[in-house]
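These values consider heavy atoms only, across backbone and side chains, with no hydrogens, waters or symmetry-generated copies. Just so we're on the same page: letters track the sequence lines, and every chain starts at 1.
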Amino acid sequence: MTAFSLARFWAMLGKEWLEMRRDRGTVMLTMLLPIIQLFLFGYAINTNPHHLPTGLIAADPSRYERGIIQALTNTDYFNVRRYANEATMDEALRRGVIMFALKIPPDFARAVDRGESPDVLMEVDATDPTAVGAATAALEAIVPGAITRDLPVRLRFPPPPAFRITIHDRYNPGQVTALNIVPGLIGTILTFSTLVFMAMAITRERETGTMETLLAMPVTPIEVMLGKIVPYIGLGYAQATLILLVAYFIFDVPIAGSLPLLVLCLGVFIACNLALGFTFSSLARTQMQAQQLAQFVLLPSLLLSGFLFPFAGMPRWARIIGEGLPLTHIVRICRGVLLKGNGLRDVTPDLWPMALFALLVGVVAVRTYRTTLD
Amino acid sequence: MNAPLAIDVTGLSKQFGAMRVVDGLNLAVPRGQICGFLGGNGSGKTTTMRLLCGLLTPDAGGGTCLGRDIRRDAVRLRREIGYMTQRFGLYADLTVAENLLFVARMYALPTPEARVADMLARVGLHDRARQLAAELSGGWKQRLSLAACMLHTPKLLLLDEPTAGVDAKARREFWDQIVDMAADGMTVLVSTHYMDEAERCDRIVYMASGRLIVQGQAHELVARSGLSAYEASGPGLTGLVRRARGMAGVESATIIGGALRAVGTDEALLAAAAAGLAAPGVIWRPSPPRLDDVFLHLLRNEAPSP
Ligand SMILES: Nc1ncnc2c1ncn2[C@@H]1O[C@H](COP(=O)(O)OP(=O)(O)O)[C@@H](O)[C@H]1O
Ligand SMILES: [Mg+2]
């Protein structure tokens, strides 16, 4: 036997080629996944997001307000909307509806006119430092000069700062990236384990031939489904607990909100993944296919959920897709509960879409499960 | 439910895509019989068994097993049927005992542990109770599968090629067990490609291209086949066999056990052929047709399987 035979090498290549050609699905997916990836990275992801939702409250009406709003808008970083009172604006910031909250104090106009350079408070949701970084920098550079032309003539030259902006980073005062990533990671890791494992649970039985024996026994679909799902719920919670412990003790992630609330939300999230995984498991013929179906959810979830890249920076279509993914909501809930101390009312806008998802996909899962081999 | 027939289906049909795998099958098996299910590969035996225990839904036709409708009563039927799949269908990563215990609990048997211990002793798997199913040899795997589908003492047993790839001794022991169970009143439908196994059945059903071709007792099938056979012994048979195959009246000619065996449907033509194949030292004798002649004849004369 020679060490290397070209003929044998060709035979090997030929056989691999034949096998690859037979497995059209896999080849198509390996072509399709990078395309999706390219589009998502190319069009959806933006680490320097603009048009961030910004709230504004002015204690007294003043002639400088319009100039400030105009200046903020001109930076392209801020989309300003007015709030009537501080409580609603605070809530909006906590829930992530707005990322900046500007508070113009009472007597602002008079203080400016007297040349006292009054302070304006800009509260920043610093949960995700990358999302707000560039906007915050723009804020400091541009805004104080904005109202110069509205100033009384005597104050224009030499121009002292007409007012000062005090920036107050909320929720993640040190702008530590880990504080943003680690809570987001909880949902991501759970997706990997529960969705992917579940997707293979039924397919494995079908591939190894045990499904036929199982179906020939007097077992009902609900028994099989629950029997398959419950261990993974346990596994999911065990994982979540572990991540939380590491997050708290090693990464100093605070637990500002209620743990039971988080446990409840994680349960709903796990249900979403298991329902989806079970559906994939019923649809796929092989474990390989099941895994690839799971990939189709994993990839957009990672990129569009706001876990790695700021949600606010994505175009509308990407945000619509993102809102349909359970990971998007659990990432927000984890960050909200752990960092911002969000309560049940704050997380409801993210909780019900997950519950709806679990319910709808759960129905599909039950429908696609077959009690025969047809 | 005490219908006299354990299996009673008519017009049973199942199609996959454009292929009619089971095509208007009528099958009646009396209670307590061992019914051998024969037919070439792809003739539809496995599909028929799956239809009988409700794992597949028939496109047309129907009927009863143990007096229960196979379409509407499939769930209750599963408690009374034991089905041993053609492919090993238990969990490779569980031990023998764990597998059986799982099955016993699936059937909600009253004392699963005792039942399993009982069954382990009965099929001789006692010493291997803690062995992983994956590590069992072919013969033991089959025994485990048989044990699993008998745990709930079914009234009807469907065995799909239970002894394929198993050595002769294990096959013999396996069949002793099946016969033993049938004596207790259990009905067995068992598919096989082995003649010695077919001969142990109370009745044989032969299937081709999804249809039932013949059925009856082994000796009836032989008698009804209308086949004749001649056997030659002597020197130079290997040369003779090639000539024999070309002769009119010889449907098959082959050397078995040191003798040249020629089989045909026309006794007179076959006798003439034997006379024409005379050679020095070669002696031709008529021989009674056998069951394997019948099946080879049936296999040869059916449409090529898809
Ligand atoms: N689920 C299925 N889908 C498509 N074709 C099938 C399926 N099951 C069986 N067949 C085809 O039906 C034919 C009969 O199969 P089967 O019942 O397994 O025959 P047997 O058990 O007698 O060998 C075969 O040609 C097989 O390829
Ligand atoms: Mg078969």
Item checked: Inter-chain contacts: residues 215-223 of chain A against chain B, heavy atoms under 4.5 Å -> A/Leu215, A/Ala216, A/Met217, A/Pro218, A/Val219

Check: side chain to side chain donor-acceptor pair (under 3.5 Å) with B/Thr187: which residues, sequence neighbours excluded?
Finding: none

Check: Is the CZ atom of A/Phe296 crowded by more than 12 outside heavy atoms at less than 6.0 Å?
Finding: yes

Note to self: Is it the case that atom CZ in A/Phe4 sees more than 12 heavy atoms from other parts of the structure closer than 6.0 Å?
What the structure shows: yes

Notebook entry, point to check: For B/Leu55 and A/Thr372, which heavy atoms make the closest approach, and how far apart are they?
Noted result: O-CB, 3.0 Å

Notebook entry, point to check: Given that the side chain runs from C-beta out, which part of B/Tyr83 has a heavy atom under 4.5 Å from chain A: side chain, backbone, both or neither?
Noted result: side chain

Checklist line | Within 6.0 Å of CZ in B/Arg211, more than 12 heavy atoms from elsewhere | finding: no

Next item on the list: With a 4.5 Å heavy-atom cut-off (strictly below), which parts of residues 105-136 of chain B touch chain A? List them by number.
Entry: B/Met106, B/Tyr107

Notebook entry, point to check: Yes or no on side chain to side chain contact (heavy atoms under 4.5 Å, CB included) for A/Leu214 and B/Phe102, after CA distance, side-chain angles and deciding distance?
Noted result: CA-CA 10 Å; A/Leu214 197 61; B/Phe102 169 69; 3.8 Å; yes

Note to self: Would you say CZ of B/Phe16 has more than 12 non-hydrogen atoms from neighbouring residues, nucleotides or ligands within 6.0 angstrom?
What the structure shows: yes

Notebook entry, point to check: Listed by residue number, which members of residues 191-212 of chain A have a heavy atom under 4.5 Å from any heavy atom of chain B?
Noted result: A/Glu205, A/Arg206, A/Glu207, A/Thr208, A/Gly209, A/Thr210, A/Glu212

